[in-house]
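A short worksheet on the structure shown next.
This structure is a prediction, so every number in the text was calculated from the model and none was measured. Both backbone and side-chain heavy atoms feed into the values below; hydrogens, waters and symmetry mates do not.
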Amino acid sequence: MKRVVVGLSGGVDSSVAAYLLKEQGYEVIGLFMKNWHDEGVTISKECPWLDDSNDAMLVADKLGIPFQTVDLSTEYKERIVDYMFNEYERGRTPNPDVLCNREIKFDVFMKIALSLGADFVATGHYCRKGEITVNGEPVYRLLSGKDKNKDQSYFLCQLSQEQLAKTLFPIGELQKSEVRQIAAGQDLITAEKKDSQGLCFIGKVRLPEFLQQKLQPKEGDIVEVSASEAKYKPEAREFRNKQEELEYLSKKYTYSPSEGKKVGEHQGAHYFTKGQRKGLAVGGTPEPLFVIETDVEQNVIYTGQGKDHPGIYRRALFVSPDETHWVREDLKLKEDQEMQVLARIRYRQPLQKATLHQTGSGLYIVFEEPQASITEGQFVAWHLDDELIGSGVIS
């Protein structure tokens, strides 16, 4: 019997994952990760991790599998929370869920599981794993979940071949409705439980308050930029080479306060992100204001009216070499190579047609259609059909 350690989160997905593995004849151990101690920044008065760990324990009890809790809050603080503060301070918007998978679940947690003699680690993610042979060696594929509405391959876009080799995704072939049916059929306490929101394993967090623990409030101006600014007018340009064209396409707009009018004040540019609409507290405009750029150096937020404001859109983005990751290393591009892919710049975004261009300075991704709110610090992931083959941090 192969031994599998399941990350039991106290939700329905991981509960059913554990049940299915036991049915398939694996020796299953349930492990709950406690990643956060600070109750001062969660929204709800109740303690979400305590409820979740109790639910996980009851599920393990019902399934008759061993269960224990592991405290990973020190590693979580160092690898996720400190990184988040650092990124926001730089004016970037990190994705803690992708990082939590790379740094905590499939690294720290996986090492603990393997030290317990596990052959595999399993999670309740909606994605699938495939295996092919390339040059006589096994190569693992990260495939989209069958439930297109719940596909979570994006959150696993930073996994390596070594991590995938040791991972199982028992519910990847199922629809969410089927998962709930199985849980109800087994009388699991999590069958009707709502899906968790908020940071990976922290529970619901008020982000501005969370950030204010480390990043001091600092009053600054909100500036509105008109959609008719000259910089948005398309210009016919001749490029000397491909690199110059790629740099031009991926270049973001830069602004100065004199280009717009002051419409309000904020408590810190580092609390805001591109595309944000809520929290600006500026009224009286015919269309709602959206953040089109944040300048943390000058502490200015630039906004534009309406979701079609030209300042929101860009055709291309850049990923630096040290932040480019190939799940499928055998498909990695060499310098001056191109690849047609499907890409997304945020979870749940429909896949977009795009071309990867590998240059000496890094990877450029040029989209067929302009993309809204390309945000530094977020992850871009690229696919061939339903296989996620690589990802990177948007520079």
Side-chain angles (χ1 to χ4, degrees), residues 87-88 90-95 207-208 218-239 244-319 343-355 364-380 394-395:
E87 287 284 271
Y88 274 105
R90 291 170 60 193
R92 304 208 323 176
T93 306
N95 188 314
L207 202 55
K218 194 163 69 171
E219 269 187 22
D221 293 343
I222 299 174
V223 173
E224 185 193 332
V225 179
S226 165
S228 58
E229 267 294 307
K231 68 177 72 190
Y232 300 135
K233 300 276 183 286
E235 46 181 324
R237 288 187 58 135
E238 293 288 317
F239 299 105
E244 198 177 288
E245 183 187 358
L246 292 168
E247 282 172 16
Y248 172 76
L249 286 173
S250 62
K251 197 171 186 229
K252 63 179 190 172
Y253 293 114
T254 52
Y255 301 94
S256 67
S258 59
E259 290 175 294
K261 61 174 188 202
K262 179 180 167 179
V263 290
E265 291 184 342
H266 60 81
Q267 290 300 307
H270 43 255
Y271 300 142
F272 290 83
T273 183
K274 273 189 216 158
Q276 186 171 335
R277 194 180 110 186
K278 294 194 172 92
L280 287 166
V282 178
T285 53
E287 287 197 79
L289 289 178
F290 287 83
V291 176
I292 56 174
E293 189 56 76
T294 60
D295 182 343
V296 290
E297 298 294 317
Q298 304 297 320
N299 198 31
V300 179
I301 292 173
Y302 294 97
T303 61
Q305 272 190 52
K307 62 180 190 305
D308 296 326
H309 190 284
I312 291 174
Y313 290 89
R314 247 164 64 207
R315 273 279 313 281
L317 60 85
F318 176 70
V319 180
R344 58 166 59 103
I345 54 172
R346 58 183 71 87
Y347 176 53
R348 282 194 180 282
Q349 181 196 23
L351 287 167
Q352 309 287 310
K353 286 184 178 173
T355 307
Y364 289 90
I365 302 180
V366 181
F367 291 90
E368 205 170 86
E369 300 290 329
Q371 298 297 303
S373 307
I374 290 176
T375 306
E376 296 85 57
Q378 290 281 300
F379 287 89
V380 55
I394 300 170
S395 294

query = Should the heavy atoms of other residues, nucleotides or ligands under 6.0 Å from CD of Gln349 be counted, would the total exceed 12?
reply = yes
note = Heavy-atom nearest pair, Ile345 first then Ala372, reads CD1-O, 3.7 Å
note = CG (Asp221) and CD (Glu265) are apart, to the nearest 0.5 Å, by 6.0 Å
ask   = With side chains defined as the heavy atoms from C-beta onward, is the minimum distance between Gln267 and Glu219 less than 4.5 Å?
value = yes
inquiry  = side-chain contact (heavy atoms from CB on, under 4.5 Å), that's the test. Do Thr285 and Val263 meet it? Break it down for me.
reply    = CA-CA 10 Å; Thr285 53; Val263 290; 5.7 Å; no
query = Looking only at heavy atoms, what is the nearest atom pair of Glu87 and Arg90, with distance?
reply = OE2-NH1, 2.9 Å
request  = Salt-bridge test for Glu287 and Lys307: reply yes if a basic N is under 4.0 Å from a carboxylate O, no otherwise.
outcome  = no
inquiry  = Using only atom types and a distance under 3.5 Å, with no angle test, would you say the side chain of His309 pairs donor to acceptor with the backbone of Val225?
reply    = yes
message = Tyr255 vs Asp295, test: side-chain contact (heavy atoms from CB on, under 4.5 Å). Steps then yes/no.
response = CA-CA 9 Å; Tyr255 301 94; Asp295 182 343; over 6 Å; no
ask   = What closest approach, in Å, do Tyr253 and Pro310 show between heavy atoms, and which atom pair accounts for it?
value = CE1-O, 3.8 Å
N/O donor-acceptor pair under 3.5 Å between Arg315 side chain and Pro370 backbone = no
key: Point-to-point distance, once rounded to the nearest 0.5 Å, from CZ of Arg314 to NZ of Lys274   = 5.5 Å
task = Please report the shortest heavy-atom distance between Arg92 and Ile394, naming the atom on each side.
result = NH1-O, 3.9 Å
message = Angle between ring planes, Phe318 versus Tyr364, binned at 30° and 60°: parallel, tilted or perpendicular?
response = tilted
note = To the nearest 0.5 Å, atom CZ of Phe290 lies from atom CD1 of Ile312 at 6.0 Å
request  = Any chance you could measure Lys261, atom NZ, to Thr303, atom OG1, to the nearest 0.5 Å?
outcome  = 9.5 Å
query = Looking at CD of Gln378 and OG1 of Thr273, how far apart are the two atoms once the value is rounded to the nearest 0.5 Å?
reply = 6.5 Å
task = For the residue pair Gln352 and Glu369, confirm or rule out a side-chain donor-acceptor distance under 3.5 Å.
result = no
request  = Measure from the side-chain N and O atoms of Thr294 to the backbone N and O of Val296, and report whether any donor-acceptor pair falls under 3.5 Å.
outcome  = no
Straight-line distance of Ile301 CD1 to His270 NE2, nearest 0.5 Å = 9.5 Å
request  = Give a yes or no on whether Glu297 atom CD has more than 12 heavy-atom contacts from other residues, nucleotides or ligands under 6.0 Å away.
outcome  = no
inquiry  = With a 3.5 Å distance limit and no angle check, can you tell me whether Glu259 reaches the backbone of Ser256 through a side-chain donor-acceptor pair?
reply    = yes
ask   = Around Lys231, counting heavy atoms of other residues, nucleotides and ligands shown, do more than 12 lie under 6.0 Å from its NZ?
value = yes
query = Shortest non-hydrogen contact from Glu244 to Phe239?
reply = OE2-CA, 3.8 Å
query = Is it true that a side-chain atom of Asn299 and a backbone atom of Gly268 form a donor plus acceptor pair closer than 3.5 Å?
reply = no
task = Indicate whether the side chain of Thr375 and that of Ser373 have a donor and an acceptor atom separated by less than 3.5 Å.
result = no
message = Please find the pair of heavy atoms, one from Ala343 and one from Val380, that lie closest to each other, and give the distance.
response = CB-CG2, 4.4 Å
